[in-house]
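Worksheet: one structure, shown below.
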Amino acid sequence: MDLAQVQRGRELDLPALLALSDARQRHVVLAWLTQLGLALPSPESLYSWLAQVRSAAPATHPLLEYQSLVLLRYRQRLLALPRVAPQPWPLCCVVGETLRLPHGELSWRRAPGGLPDDWQGRLLDVLPRSGGEKLPLKVGRKPVKTVFQEAGVPPQLRLDWPLLEDDAGELLAVPSLGVSVLHAAAGEGWWPQWLPLAIVSRPAGD
């Protein structure tokens, strides 16, 4: 019963979880992982991680890593993400069409300030962050690093969070977080969404 009240798709709603007693929180997390068909952590590591989640500042991202899984907090949700092999880049996507990758899903919704209607069907480049990119917004050109920080994206998700560019290499959007003001529709348009489903494993030192 508790799981149904706390679960949001494949994620857990953190405020709803923290409203429960410590014991019920543990039971909900174990039931959630079991429902997802994922391995369970040791009781000791789960107790320690939940204690960190309860006491951590909003801008921090307590992690529990075990086997090939990572449990982490993103905004006001808890995510359980498997580790996957690095994704070959660059890729392409079509505006208005879903792109499924091993570590997440790029989709589109209709929303104010998205890419213009006549961009539907246009081919865009999909690349990871390399450092130094800036997204033109109403407040000026903001570093993508700052966009991630202000949105509370955990560092483990930032490197392989896709960026959308045109064929000239101009940054058009950081999916879910912002669309370039230079190309945004005056009204409703195509807003890119990124749903992280895994964490990309990298060799030590990367």
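The shown structure was predicted, so the numbers you read here are calculated from the model rather than taken from an experiment.
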Shortest non-hydrogen contact from [X] to [Y]?
X: Ser201; Y: Arg83; answer: OG-CB, 3.1 Å
X: Arg73; Y: Pro154; answer: O-CG, 3.6 Å
X: Leu177; Y: Trp191; answer: C-CZ2, 4.2 Å
X: Pro62; Y: Trp49; answer: O-NE1, 3.1 Å
X: Asp125; Y: Asp166; answer: OD2-O, 3.6 Å
X: Leu14; Y: Val53; answer: CD1-CG1, 3.6 Å

* Asked: Between Arg122 and Asp167, is the closest basic N to carboxylate O distance under 4.0 Å?
  -> no

* Check: Gly131 main-chain N/O paired with Glu133 side-chain donor or acceptor under 3.5 Å ->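 Between the backbone of Gly131 and the side chain of Glu133 there is a qualifying donor-acceptor contact (under 3.5 Å).
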
* Asked: Do other residues, nucleotides or ligands put more than 12 heavy atoms under 6.0 Å from the CZ atom of Arg10?
  ->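 Count not over threshold, so no.
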
Flag the pair [X] / [Y] as yes when at least one side-chain heavy-atom distance between them is below 4.5 Å, and no otherwise.
X: Leu159; Y: Val200; result: no
X: Leu171; Y: Val144; result: yes
X: Val29; Y: Pro41; result: no
X: Leu163; Y: Arg129; result: yes
X: Asp117; Y: Arg110; result: yes
X: Asp22; Y: Leu50; result: no
X: Trp119; Y: His183; result: yes
X: Asp160; Y: Trp89; result: yes

* Ring geometry between Trp108 and Trp190 (parallel below 30°, tilted from 30 to 60°, perpendicular above 60°) ->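 If you compare the ring of Trp190 with that of Trp108, the planes turn out perpendicular.
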
What is the distance from atom [atom1] of [X] to atom [atom2] of [Y], rounded to the nearest 0.5 Å?
X: Leu63; Y: Ile199; atom1: CG; atom2: CD1; result: 6.5 Å
X: Leu40; Y: Leu46; atom1: CG; atom2: CG; result: 9.0 Å
X: Leu135; Y: Glu170; atom1: CG; atom2: CD; result: 10.0 Å
X: Leu91; Y: Leu106; atom1: CG; atom2: CG; result: 10.0 Å
X: His103; Y: Trp161; atom1: NE2; atom2: CH2; result: 10.0 Å
X: Leu17; Y: Leu3; atom1: CG; atom2: CG; result: 10.0 Å

* Trace of the side-chain contact (heavy atoms from CB on, under 4.5 Å) decision for Leu101 with Trp194 -> CA-CA 10 Å; Leu101 301 175; Trp194 175 246; 4.0 Å; yes

* Criterion side-chain contact (heavy atoms from CB on, under 4.5 Å) on Leu71 and Leu79, from CA distance to verdict -> CA-CA 6 Å; Leu71 306 186; Leu79 284 66; over 6 Å; no

I'd like to know if [Y] and [X] are part of one continuous hydrophobic network [Ile/Leu/Val/Met/Phe/Trp/Tyr, side-chain heavy atoms within less than 4.5 Å].
X: Leu20; Y: Leu30; answer: yes
X: Tyr66; Y: Leu81; answer: no
X: Leu36; Y: Leu64; answer: yes
X: Val179; Y: Leu123; answer: no
X: Leu195; Y: Val70; answer: no

* Between Trp32 and Thr34, does a side-chain contact (heavy atoms from CB on, under 4.5 Å) hold up when you go through it step by step? -> CA-CA 5 Å; Trp32 169 55; Thr34 299; over 6 Å; no

* To do: Applying side-chain contact (heavy atoms from CB on, under 4.5 Å), run through Asp2 and His27 and close with a yes or a no.
  => CA-CA 9 Å; Asp2 285 339; His27 292 155; over 6 Å; no

